[in-house]
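Everything below concerns the one structure shown next.
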Protein chains: 2
Amino acid sequence: MPRVVVAETRRQDVAQAVLRIVGREGLESASLRNVAQEAGLVIGSVRHYFASHTELMIFTMEELRRRIDGRIRSHAEQLLDPDAGIDRRARTEELFAEFLPLDETRREEAVVWLAFVTAARTRPEFRPCARRMHEEARELIGRVLLEAQRSGGIPGDLDIALETQRLAALLDGLTLGGVLHPDLMPPEDARAILHRHLRALAAGQEPA
Amino acid sequence: MPRVVVAETRRQDVAQAVLRIVGREGLESASLRNVAQEAGLVIGSVRHYFASHTELMIFTMEELRRRIDGRIRSHAEQLLDPDAGIDRRARTEELFAEFLPLDETRREEAVVWLAFVTAARTRPEFRPCARRMHEEARELIGRVLLEAQRSGGIPGDLDIALETQRLAALLDGLTLGGVLHPDLMPPEDARAILHRHLRALAAGQEPA
DNA sequence: GTTGTTATAGCACGGGCTTGCTAAATTAAT
DNA sequence: ATTAATTTAGCAAGCCCGTGCTATAACAAC
């Protein structure tokens, strides 16, 4: 009886509209009105797919998380699963580079990511997703570093837990710079800094 | 003829109220109504000292910048001006630690700082101040690293411009973590990571 | 005390927001 | 063609917002 049900696709379309608005004008502009207009719908239609504004925002944030996670995890499987090729170093750097806003796609994601995670500080409904992104990123970084240590890519006496936090913080800081001051932190610079950091890790020095 | 004029003090009181609200509930809660109540005034009074809501927010952001800048610069003069004592290493670390949310005061400042600088991306009126904070921080960090290199604290073959950006990004990332996930990035951890980074810098390795 | 400036108080307007609601249009199955 | 569900459309209520006003209170100089 019903019309062809493409509900989940519809929801993703609306979430996509939210992401565009947040990237362009910020979270505070993502009202139901603006979102509906951006998606080419009316408020009522949007509300038919999302019970409330809050639910829409949470869904959108989860959609963003899934997108980023998928992009990064495809790199990770490639690097961690097989015995991997010879250029582990280069591929490891590529993996970490996925966290940085080096092209337009990643930049837009980074912009919206920053908007959501900072909003999570005062909006409890965003906290679970924000926390999950934070933890999953660190867990992945930690796994890669541990694997690098096991395979001799970095010295065995390094404190992996600490180095994980240090690298994760560096990536966050580079992302922040790329998002807020793109002219002072262009992609090439971010890349060079990441490259330098990984070289320093590989060279290693006494941990204490 | 006028009542005793304490206008500038009054303005700072109101700005202080804004800072409290932003720290507690976020930028979006800093409406004239809420600010007036927090400051124990009426809307009309607040508007008597600030022509518009925008002017109030800009003044508050500048006030925050002055506060952070003063705190950090007092450390800097102590370290850069005289020939300085023997423990340059420790004092340098102390200086950089001023950027991190290691105690309640610095944490509150960091929270509000993050709110303002991220808002600056979509609010042009905040950009000048945000940019100034960013540039002044990097300039100071660069000066300290250069001085450390000159005095032999860190190897002479390091690329100071690059290391400045790397350290600045690390500090930003640690601050972000401390603000958004204080339980996963407690002050001790942030300190330890900073310590580790500076040790690594001092040990140095080939720059390429 | 009178005067003139500053400070406080508060009302009213216009606008944007979310949400609850009803009514119409659309469409697949019967 | 009829039916019944989904989808779209849109109105009205209630809230908070910034701003433009006017009126009152406080106080230093004369």
Per atom distances to the A:Arg10 side chain, the nearest of D:dT19, D:dT8, C:dA7 is D:dT8

Tell me: CD of A:Glu55 to P of C:dT19, nearest whole Å? 10 Å

Side-chain N or O of A:Asn34 versus OP1/OP2 of C:dC17: is the shortest distance under 4.0 Å? yes

Mutual orientation of the aromatic rings belonging to B:Phe116 and B:Phe126 [parallel < 30°, tilted 30-60°, perpendicular > 60°]: perpendicular

Verdict with reasoning, B:Arg131 to A:Asp183, per salt bridge (charged side-chain N to carboxylate O under 4.0 Å, His left out): CA-CA 11 Å; B:Arg131 193 172 189 83; A:Asp183 54 329; 2.3 Å; yes

d(CD, A:Gln37; P, D:dT8) in whole Å: 17 Å

Quickly work out the A:Glu28 CD to D:dC16 C1' distance and round it to whole Å. 16 Å

When you look at CD of A:Gln37, are more than 12 heavy atoms from neighbouring residues, nucleotides or ligands closer to it than 6.0 Å? no

Rounded to whole Å, the CG-C1' distance (B:Leu32 to C:dT8) equals 15 Å

For a quick check of understanding: with a heavy-atom distance under 4.0 Å over all strands, which category does B:Leu41 fall into, base, sugar-phosphate or nothing? nothing

Hey, which of A:Leu201, A:Thr92, A:Leu140 is the one that makes side-chain contact (heavy atoms from CB on, under 4.5 Å) with A:Leu145? A:Leu201

Considering only heavy side-chain atoms of A:Ser45, the closest of D:dT19, C:dT8, D:dT8 is D:dT8

When you match B:Gly40 and A:Ile43 each to their closest nucleotide on DNA chain C, which lands nearer the 5' end? B:Gly40

Where the side chain of B:Val42 is concerned, which of C:dG10, D:dT7, C:dT19 is the nearest nucleotide? C:dG10

For B:Arg47 and D:dG20, is the shortest distance between a side-chain N/O and OP1 or OP2 below 4.0 Å? yes

Selected nucleotide, minimal atom distance to B:His48 side chain, candidates C:dT6, D:dT6, D:dT19: C:dT6

Within this structure, what is the CZ-to-P distance between B:Phe50 and C:dT8, rounded to whole angstrom? 12 Å

Nearest-neighbour nucleotide for the B:Arg33 side chain, D:dA9, D:dC17, C:dT19 considered: D:dC17

Both conditions, 6.0 Å and 45 degrees, for the charged tip of B:Arg91 above the ring of B:Phe96: are they met here? no

Nearest-neighbour nucleotide for the B:Tyr49 side chain, D:dT19, C:dT19, C:dT8 considered: C:dT8

Per nearest nucleotide of DNA chain C, the residue lying toward the 5' end, A:Gly44 or A:Ala30, is A:Ala30

Of the nucleotides D:dT19, D:dT7, C:dC17, which has the atom closest to the B:Ser52 side chain? D:dT19

